[in-house]
J.: 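Before we start, here is the structure in question, set down as structure tokens.
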Amino acid sequence: MNVKNKTPEPQRLHIVITGAANSGKSSLLNALTGQHTSVVSSTKGTTTDPVKKPMELHGTGPVIFVDTAGFGDSTELGAL
Ligand SMILES: Nc1nc2c(ncn2[C@@H]2O[C@H](COP(=O)(O)OP(=O)(O)O)[C@@H](O)[C@H]2O)c(=O)[nH]1
Ligand SMILES: [Mg+2]
């Protein structure tokens, strides 16, 4: 782990991606990080638990992106 990644999670600016199910939240996270951080699927409810990705933002410093399940998931898994 390099020095930049040593900032503990509570001290990082949290940037949370929220919105309706299937609206492209996970796609946005992957675009922002340039990595396949979160699974993208046309199936609602693919993201269940929050997916966290620590990053260093130029001009901002240590942040953590959080991808969420979102709202309006009417599937059986969403109900859980
Ligand atoms: N047309 C279009 N489809 C998108 C876009 N972003 C994501 N998708 C598609 O929308 C579906 C849901 O994307 P996903 O990122 O998993 O949404 P999430 O449920 O909000 O995380 C997938 O089939 C993606 O390929 C976009 O900007 N345009
Ligand atoms: Mg998702």
Side-chain angles (χ1 to χ4, degrees):
M1 186 186 287
N2 68 35
V3 175
K4 284 181 176 175
N5 284 338
K6 280 185 176 168
T7 306
E9 184 180 324
Q11 290 174 20
R12 291 175 174 269
L13 177 70
H14 282 56
I15 302 174
V16 180
I17 304 173
T18 183
N22 249 355
S23 60
K25 299 179 299 298
S26 298
S27 301
L28 176 62
L29 177 67
N30 292 345
L32 289 169
T33 60
Q35 298 173 17
H36 295 289
T37 304
S38 199
V39 176
V40 169
S41 168
S42 57
T43 304
K44 275 189 182 180
T46 301
T47 310
T48 52
D49 300 315
V51 176
K52 296 180 176 180
K53 179 66 185 173
M55 297 282 290
E56 306 299 319
L57 279 195
H58 184 67
T60 301
V63 304
I64 187 161
F65 287 104
V66 187
D67 184 25
T68 66
F71 306 108
D73 176 1
S74 52
T75 64
E76 195 177 327
L77 193 56
L80 290 173

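If you read the sequence from its start, that first residue is 1, and numbering goes on from there. Every value quoted in this text rests on a predicted model; they were computed, and no experiment measured them. All values below come from the heavy atoms of this structure, side chains included, with hydrogens, waters and symmetry mates left out. One-based numbering, in listed order, for ligands and for the atoms of each.
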J.: If you compare all heavy atoms of Thr46 against all heavy atoms of Thr43, which two are closest, and at what distance to 0.1 Å?
T.: OG1-O, 2.6 Å

J.: In terms of residue, atom name and distance, what is the protein heavy atom nearest to atom 10 (O) of ligand 1?
T.: Asn22 O, 4.2 Å

J.: With only distance considered, is Thr47 within less than 3.5 Å of ligand 1 through an N or O on each side?
T.: no

J.: I'd like to know if the side chain of Asn30 reaches the main chain of His36, judged simply by a donor and an acceptor atom lying under 3.5 Å from each other, with no hydrogens or angles considered.
T.: no

J.: Within the 4.5 Å heavy-atom criterion, are Leu13 and Leu57 side-chain neighbours or not?
T.: no

J.: Can you give me the closest heavy-atom contact between Ala20 and Ser23, atom names plus distance?
T.: O-OG, 2.6 Å

J.: To the nearest 0.5 Å, what is the distance between CZ (Phe65) and OG1 (Thr33)?
T.: 8.0 Å

J.: Counting only nitrogen or oxygen atoms and a 3.5 angstrom limit, does Val40 reach ligand 1?
T.: no

J.: Minimum heavy-atom separation for Ser38 and Asp67, please, with both atom names.
T.: OG-OD2, 2.7 Å

J.: Return yes when at least one protein heavy atom is under 4.0 Å from atom 22 (C) of ligand 1, and no when none is.
T.: yes

J.: Do Ile17 and Val39 land in one hydrophobic cluster if side-chain heavy atoms of ILVMFWY residues count as linked below 4.5 Å?
T.: no

J.: Enumerate the atoms of ligand 1 whose separation from the nearest heavy atom of Ser27 is less than 4.0 angstrom.
T.: 6 (N), 7 (C), 13 (O), 14 (P), 15 (O)

J.: Ignoring waters, how many N, O or S atoms from the protein are under 2.8 Å from the Mg ion (ligand 2)?
T.: 2

J.: Quick one: name the residues clustered hydrophobically with Val16, using the 4.5 Å side-chain heavy-atom rule over I, L, V, M, F, W, Y, and just say none if it's on its own.
T.: Val66

J.: With a 4.0 Å cut-off, would you call Lys44 and Glu76 a salt bridge?
T.: no

J.: So, for atom 4 (C) of ligand 1, does the protein have a heavy atom nearer than 4.0 Å?
T.: no

J.: So, for atom 18 (P) of ligand 1, does the protein have a heavy atom nearer than 4.0 Å?
T.: yes

J.: Applying a 4.0 Å heavy-atom criterion (strictly less than), which segment of Ser41 is in contact with ligand 1: side chain, backbone, both, or neither?
T.: backbone

J.: Taking atom 15 (O) of ligand 1 as the reference point, report whether a protein heavy atom occurs under 4.0 Å from it.
T.: yes

J.: Do Met55 and Arg12 touch side chain to side chain, with heavy atoms closer than 4.5 Å?
T.: no

J.: Might you point out which heavy atoms bring Asn22 and Ser42 nearest each other, and give the distance in Å?
T.: ND2-O, 3.0 Å

J.: State whether any protein heavy atom lies less than 4.0 Å from atom 28 (N) of ligand 1.
T.: no

J.: Would you say atom 12 (C) of ligand 1 has a protein heavy atom nearer than 4.0 Å?
T.: yes

